[in-house]
Asker: 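What follows is a structure written as structure tokens; I'll ask about it next.
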Amino acid sequence: MPRLSRWFVRAALLYQLLGFSFGGLILFHKGVPFYAEVWRLLPAHIEFMLFGWTAQLAMGVAFWILPRFGGGASRGNEKAAWLAFALINAGVWLVAIGPVAPAWVTALGRLCELAAAASFGAHLWPRIKPVNGFGTSRRESVR
Amino acid sequence: MPPLTRWFVKTGLVYLVAALMVGTLIAAQSVLELPFDKLKAGPAAVAALGPVYFHLLMLGWVTQLIFGVAYWLFPTYSKEKPRGSERLARATYGLLNVGLVLRVIGEPANALQPQTGWGWLLASSAILQWLAGLCFVLNTWGRIKGK
């Protein structure tokens, strides 16, 4: 597993733990009320689970698994994928703190997530191609 | 594909179907005018199905599929224990699914009859699912590596 995928997946695992913790507190309170303020964790719970955990894990695994170039040695423009990693994590936190921050914070967070998707798409697009053997396209293997 | 992964994936598929059944019920309720409104707490019970639908989909299907495939395909932990602790992995499966089933039962039941003890089903579900997440992270963390 390449370095960037390890960052993506480890971050995703931490978000999963945080998301499960927030969700667990909310569900516990729903059944046995103990502190009404836990409902304020709901936006962060949703953000951590959907983008921090699920989307980020998919990005990490896609970066790892999808076809490569040059006989399997290169993953192409990795800078765009690293940028996506930074942007999605900034976005998740900005949206998560949105309910207790000025309104522009959530908008900025969504913008970061949008930019992360675009950046990751720019990295991944050329890697979505037919494969011949282990991650090498037919055209690449001829070269 | 190891047996536990097959359990995760097959169970996930069952939840996918269950989620869509609940989703269909929610959608049909307003179109077909099902008699939930005649029950005293009927509307509350239908409202409680929303989170049930969403969690059957995202936890029962998506997360469970991820758990199963990660257990199968992530880099090996060691030569002796390629997939880490099988006990932790089995605990993840058991805790997640018992927790989710308790929620599926407890959420509408608690809405129909609040303050009659059903709430503890939800509280138990919360603890079990949180433990499932913890077990998965503990067992997977050591497998996030280069080779």
Side-chain angles (χ1 to χ4, degrees), chain A residues 1-36 38-39 41-43 45-66 72-73 75 78 85 134-135, chain B residues 47-48 51-52 54-55 57-59 61-67 69-70 72-76 92 95-96 99-100 102-103 105-107 109-111 114-147:
Chain A
M1 189 182 279
R3 192 158 158 252
L4 179 57
S5 287
R6 298 202 296 271
W7 278 91
F8 267 127
V9 175
R10 281 184 182 145
L13 288 176
L14 292 176
Y15 282 117
Q16 187 250 74
L17 210 51
L18 273 175
F20 268 49
S21 299
F22 288 4
L25 286 171
I26 294 166
L27 185 60
F28 194 103
H29 173 80
K30 201 189 260 189
V32 183
F34 66 96
Y35 185 56
V38 294
W39 278 108
L41 297 173
L42 184 62
H45 165 64
I46 294 169
E47 197 63 22
F48 288 166
M49 294 311 295
L50 288 184
F51 290 96
W53 159 239
T54 312
Q56 186 153 226
L57 188 91
M59 289 163 85
V61 173
F63 182 79
W64 172 34
I65 296 284
L66 261 64
R75 288 186 168 83
E78 293 198 12
F85 173 75
F134 294 99
Chain B
V52 168
F54 197 74
H55 285 87
L57 195 66
M58 291 309 298
L59 207 65
W61 165 236
V62 178
T63 296
Q64 183 140 237
L65 189 77
I66 291 171
F67 281 8
V69 173
W72 172 29
L73 291 180
F74 271 18
T76 53
T92 303
L95 290 163
L96 184 76
L100 198 51
L102 289 185
R103 178 170 198 167
I105 299 166
E107 192 108 38
N110 190 52
Q115 296 166 345
T116 52
W118 288 111
W120 281 102
L121 226 54
L122 293 182
S124 308
S125 166
I127 293 167
L128 294 179
Q129 290 181 79
W130 182 79
L131 286 172
L134 182 66
C135 287
F136 177 76
V137 171
L138 288 175
N139 200 36
T140 307
W141 194 268
R143 294 179 63 187
I144 312 300
K145 55 186 183 179
K147 296 283 179 186

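Below, read A as the first sequence line, B as the second, and so on, with proteins coming before strands; counting in each chain starts at 1. These figures come from a predicted structure and were not determined experimentally.
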Asker: Give, as side chain, backbone, both or neither, the part of A:Leu57 having an atom under 4.5 angstrom from any heavy atom of chain B.
Answerer: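 A:Leu57 touches chain B through side-chain heavy atoms alone.
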
Asker: Restricting to non-hydrogen atoms, name the atom on B:Gln115 and the atom on B:Asn110 that form the minimum distance, rounded to 0.1 Å.
Answerer: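 Heavy atoms only, the tightest pair is N-OD1, 4.4 Å.
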
Asker: Quick one: closest heavy-atom pair of A:Ser5 and A:Phe63, and the distance?
Answerer: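 Closest heavy-atom pair between A:Ser5 and A:Phe63: OG-CD2, 3.4 Å.
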
Asker: Which atoms of A:Leu25 are under 4.5 Å from chain B, going by heavy atoms: the side chain, the backbone, both sets, or neither?
Answerer: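 Contact with chain B is absent: no heavy atom of A:Leu25 under 4.5 Å.
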
Asker: Tell me, for B:Phe74 versus chain A, whether the close heavy atoms (under 4.5 Å) come from the side chain, the backbone, both or neither.
Answerer: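 Both backbone and side chain of B:Phe74 come within 4.5 Å of chain A.
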
Asker: At their closest point, which heavy atom of B:Gln129 faces which heavy atom of A:Phe20, and how far apart are they?
Answerer: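 Here B:Gln129 and A:Phe20 meet closest at O-CD2, 3.1 Å.
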
Asker: Tell me, for B:Ile66 versus chain A, whether the close heavy atoms (under 4.5 Å) come from the side chain, the backbone, both or neither.
Answerer: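 Contact with chain A is through the side chain of B:Ile66 alone.
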
Asker: Can any side-chain N or O of B:Arg143 pair as donor or acceptor with the backbone N or O of B:Pro75 at less than 3.5 Å?
Answerer: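 Yes.
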
Asker: Is it the case that over 12 heavy atoms from other parts of the model lie below 6.0 angstrom from the CH2 atom of B:Trp141?
Answerer: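 It does: B:Trp141 CH2 has more than 12 such atoms within range.
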
Asker: What option among B:Thr63, B:Leu128, B:Leu59, B:Leu121 has the most heavy-atom pairs under 4.5 Å with chain A?
Answerer: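 Result: the option with the highest number of such pairs is B:Thr63.
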
